[in-house]
Structure formats: structure tokens, C-alpha cells
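To start, the structure under review is shown below, and the notes come after it.
Computed from a prediction, not measured in an experiment: that's the story for all the values here.
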Amino acid sequence: RMNVNDYAASFTEKMNLALYLVPNELSKVNMFANGFPPDFGPMVKIASLKDAIWSARNVETQIRENGLEKDENGEKRKLKETLKSHKKGRL
């Protein structure tokens, strides 16, 4: 449930603590990409972790612009509907 920037910061922090798990750039990209839900799709032909982070940010932006997010059960729903339901409960 993190946004891409928070996930990237957490990933790089943990990666620096365990560099032996990601000995080369390709393994960094693969480990980073494995942390995303299927909505983000495969990250193909990405040569560096920096490019993977940039690509993930773009996908996150596209998901937001399309107004889709997942609910607690993993089902997609429109973002606007979610915001409306939260507003109804407020006083």
C-alpha cells in the first residue's frame, strides 16, 4: 500500500544493508520489480534501478489518471467512487 517513492526509498535502504542479495544492476531491477502488484505489469528491458523507479512512477501516475485503485479485497474500483463514499461518512 506504499506509493512508488516510499517503496523506492525503503527498497534502496534495505538493499544497501544487504548488497550481497543484489550483486548486479539486473538483480536490483528484478528484486525491485517483484515488489509491485500485477497492475504494474512486467518491467521489460530496463537496464538500471533508476530507470525501474522512473518506470514505476509513470505506471503509478497512469493508474491514478485512469481513476482505478484496488479495494481491500483486491477488486478494482473507480477512485472517485472511493472518495465519495468516504465523504458521506463525515459530519
For this session: Starting at CE of Met31, measure out to CG of Asn34 and round the result to the nearest 0.5 Å.
Result: 7.5 Å

Exercise. Counting N and O atoms only, with roles assigned by atom type, does the side chain of Tyr7 sit under 3.5 Å from a partner on the main chain of Phe32, one being a donor and the other an acceptor?
Worked result: yes

Exercise. Would Leu19 end up clustered with Leu26 when hydrophobic side chains under 4.5 Å apart are linked, directly or stepwise?
Worked result: no

Seminar exercise, completed: So CE of Met15 and CG of Leu17: to nearest 0.5 Å the spacing works out to 10.0 Å

Seminar exercise, completed: Rounding to 0.5 Å, atoms OG (Ser10) and CG (Asn5) come to a distance of 12.5 Å

Problem set entry | Atom of Asp39, atom of Ile63 and distance for their closest heavy-atom approach | CB-CD1, 3.9 Å

Problem set entry | Point-to-point distance, once rounded to the nearest 0.5 Å, from CE of Met2 to CZ of Phe36 | 10.5 Å

Exercise. Should Asn58 and Phe40 count as side-chain neighbours, where that means a heavy-atom distance under 4.5 Å?
Worked result: no

Seminar exercise, completed: Looking only at heavy atoms, the pair that brings Val29 and Leu49 closest together is CG2-N, 3.6 Å

Exercise. Does Thr61 use its side chain to pair, donor to acceptor, with the backbone of Arg57 at less than 3.5 Å?
Worked result: yes

Problem set entry | Main-chain N/O of Ala8 paired with Thr12 side-chain donor or acceptor, under 3.5 Å | yes

Exercise. Hey, is Lys28 close enough to Glu25 for a salt bridge, meaning N to O under 4.0 Å?
Worked result: yes

